[in-house]
Participant: 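Here you go, one structure.
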Amino acid sequence: MTVAGIWRAYQALMVKKPWTVQIITAGSLMGVGDIISQQLVERRGLTKHSIRRTTKMMSMGFFFVGPVVGGWYRVLDRFVIGMTKSTALKKMLMDQVCFAPCFLGAFLGIYGALNGLTVDENLVKLKRDYMDALISNYYLWPAVQIANFYFIPLHHRLAVVQIVAVAWNSYLSWKANKM
């Protein structure tokens with residue numbers, strides 16, 4: 001099957017089951033981000049690759065990132081209507097000022113719990129890593145989100161973000177698993 005054929009099949013599925021496809025896309029690409037983190041950033045090699053960790057990251061995509069981010073985009077589109085430059089800027093500001101700080105804290109906290117950290121250990125880790133991750137977020141996501149909110153239709157936004165997020169997910173996986 002060609003790339004164009006895969007894209008057509010994806011589009012057809014997106015029309016039939018947009019929510020399901022978005023969630024599966026988020027989980028799958030979060031798994032890819034973890035694989036990149038383990039293999040290219042941490043250089044673990046295939047023998048030391050943690051399938052369990054990749055599975056956790058995918059689970060975060062399927063059960064947390066996909067539903068929460070996909071739902072957020074729907075709420076944002078109802079709250080700030082349109083696709084002008086001005087509305088794209090408003091959406092980006094709401095996304096980065098209101099949503100991103102909460103989402104990032106929740107992500108790191110949930111992932112810490114999945115890694116077996118106690119509440120106290122998780123709080124220490126959040127205090128250590130949160131601001132660094134949030135600042136890193138602000139280097140990447142405002143520009144991506146302005147383009148996303150201006151050019152991309154709602155049903156493709158989560159996929160676009162998750163494609164860009166392969167690199168971000170590699171960073172988050174490294175940050176979330178750094179003890």
Side-chain angles (χ1 to χ4, degrees), residues 6 9-39 41-42 44 49-79 91 94-96 98-126 128-130 133-134 136-137 140-141 144-145 148-149 152-179:
I6 292 169
Y10 182 82
Q11 291 287 87
L13 281 171
M14 186 64 90
V15 169
K16 290 179 187 173
K17 301 274 186 183
W19 189 248
T20 303
V21 172
Q22 289 177 42
I23 289 170
I24 290 170
T25 301
S28 300
L29 291 175
M30 288 200 68
V32 169
D34 180 71
I35 291 167
I36 290 170
S37 177
Q38 289 191 55
Q39 297 306 315
V41 177
E42 300 166 42
R44 291 174 145 228
H49 185 90
S50 171
I51 292 172
R52 186 172 190 219
R53 177 176 142 181
T54 300
T55 302
K56 279 188 227 176
M57 209 50 184
M58 289 177 76
S59 296
M60 286 291 289
F62 293 138
F63 300 110
F64 178 68
V65 175
V68 170
V69 175
W72 167 244
Y73 289 161
R74 287 178 177 181
V75 167
L76 200 53
D77 252 35
R78 286 188 193 120
F79 192 68
K91 288 176 184 179
M94 288 182 70
D95 183 68
Q96 293 301 300
C98 302
F99 182 75
C102 299
F103 176 80
L104 188 56
F107 177 90
L108 292 172
I110 292 168
Y111 204 84
L114 285 175
N115 277 337
L117 297 181
T118 66
V119 172
D120 290 339
E121 290 168 334
N122 216 349
L123 288 172
V124 167
K125 186 164 178 22
L126 279 168
R128 184 189 75 203
D129 293 343
Y130 176 78
L134 186 61
S136 296
N137 168 84
L140 173 65
W141 290 109
V144 170
Q145 291 296 52
N148 199 26
F149 294 134
I152 308 299
L154 175 62
H155 64 281
H156 287 302
R157 286 186 192 146
L158 182 60
V160 167
V161 163
Q162 286 303 311
I163 290 166
V164 172
V166 167
W168 177 249
N169 294 338
S170 298
Y171 168 78
L172 276 184
S173 178
W174 170 76
K175 185 61 94 175
N177 286 285
K178 188 175 138 191
M179 295 301 167

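Atoms considered below: every heavy atom in the structure, side chains included; atoms not considered: hydrogens, waters and symmetry mates. Sequence positions, counted from 1, serve as the residue numbers for this chain.
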Participant: Within the distance-only criterion (no hydrogens, no angle test), does the side chain of Ser37 pair as donor or acceptor with the backbone N or O of Gly33 below 3.5 angstrom?
Facilitator: no
Participant: Could you walk me through whether Val161 and Gln145 satisfy the side chain to side chain contact (heavy atoms under 4.5 Å, CB included) test, starting with their C-alpha distance in whole Å, then the side-chain angles of each, then the deciding distance to 0.1 Å, before giving a yes or no?
Facilitator: CA-CA 8 Å; Val161 163; Gln145 291 296 52; 3.5 Å; yes
Participant: When the ring planes of Phe64 and Phe103 are compared, do they come out parallel, tilted or perpendicular, using 30° and 60° as the limits?
Facilitator: parallel
Participant: Drop me the distance from Met14's CE to Thr20's OG1, to the nearest 0.5 angstrom.
Facilitator: 10.5 Å
Participant: Among Phe107, Phe79, Trp72, find the residue that satisfies the ring-ring contact (aromatic ring centres under 6.0 Å, His included) test when tested with Phe99.
Facilitator: Trp72
Participant: Just checking, any donor-acceptor pair under 3.5 angstrom between side chains of His155 and Gln11?
Facilitator: no
Participant: Between atom CD of Gln22 and atom CG of Leu154, what is the distance when rounded to the nearest 0.5 Å?
Facilitator: 7.0 Å
Participant: Quick one: closest heavy-atom pair of Ala26 and Gly66, and the distance?
Facilitator: CB-CA, 3.7 Å
Participant: Taking the side chain as C-beta and beyond, is there a heavy-atom pair between Arg157 and Val69 under 4.5 Å?
Facilitator: no
Participant: Return the minimal non-hydrogen interatomic distance between Asn122 and Ala113, and the atom names on each side.
Facilitator: ND2-N, 3.4 Å
Participant: Is there a side-chain contact between Tyr111 and Leu117, using heavy atoms and a 4.5 Å cut-off?
Facilitator: no
Participant: Counting only heavy atoms not in Ile6 (residues, nucleotides, ligands), do more than 12 fall under 6.0 Å from its CD1?
Facilitator: yes
Participant: Supply the atom-to-atom distance Ile110 CD1 to Lys56 NZ, rounded to the nearest 0.5 angstrom.
Facilitator: 13.5 Å
Participant: Shortest non-hydrogen contact from Trp168 to Ala133?
Facilitator: CH2-O, 3.5 Å
Participant: Looking at Val21, is its backbone amide N or carbonyl O close enough to the side chain of Tyr10 to form a donor-acceptor pair, meaning the two atoms are under 3.5 Å apart?
Facilitator: no
Participant: Ignoring hydrogens and geometry beyond distance, is a side-chain donor-acceptor pair present between Asn148 and Lys91 at under 3.5 Å?
Facilitator: no
Participant: To check you understand the geometry: which heavy-atom pair defines the closest contact between Leu29 and Ala159, and what is its length?
Facilitator: CD1-O, 4.5 Å
Participant: Show your working on side chain to side chain contact (heavy atoms under 4.5 Å, CB included) between Tyr130 and Leu134 and close with a plain yes or no.
Facilitator: CA-CA 6 Å; Tyr130 176 78; Leu134 186 61; 3.7 Å; yes
Participant: Any heavy-atom pair between the side chains of Leu108 and Lys125 that's under 4.5 Å?
Facilitator: no
Participant: Output the distance between atom CG (Asn137) and atom CD (Gln96), rounded to the nearest 0.5 Å.
Facilitator: 4.5 Å
Participant: Given side chain to side chain contact (heavy atoms under 4.5 Å, CB included), test His49 with Ile35 step by step and report yes or no.
Facilitator: CA-CA 8 Å; His49 185 90; Ile35 291 167; 3.9 Å; yes
Participant: Testing the basics here: between Cys98 and Cys102, what is the closest heavy-atom pair and its distance to 0.1 Å?
Facilitator: O-SG, 3.5 Å
Participant: Phe62 versus Met30: any side-chain heavy-atom pair under 4.5 Å?
Facilitator: no
Participant: Got a donor-acceptor contact below 3.5 angstrom from the Gln38 side chain to the Ser50 backbone?
Facilitator: yes
Participant: Given side chain to side chain contact (heavy atoms under 4.5 Å, CB included), test Ile36 with Val32 step by step and report yes or no.
Facilitator: CA-CA 6 Å; Ile36 290 170; Val32 169; 3.9 Å; yes
Participant: According to salt bridge (Lys or Arg N to Asp or Glu O under 4.0 Å), who are the partners of Arg44, at least two apart in sequence or on a separate chain?
Facilitator: Glu42
Participant: Please round to the nearest 0.5 Å and tell me the distance separating atom CG of Asp77 and atom CZ of Phe149.
Facilitator: 8.0 Å
Participant: Does the Ser170 side chain pair with the main chain of Asp34, one donor and one acceptor, at a distance under 3.5 Å?
Facilitator: no
Participant: What distance do Tyr171 atom OH and Leu140 atom CG have between them, rounded to the nearest 0.5 Å?
Facilitator: 11.0 Å
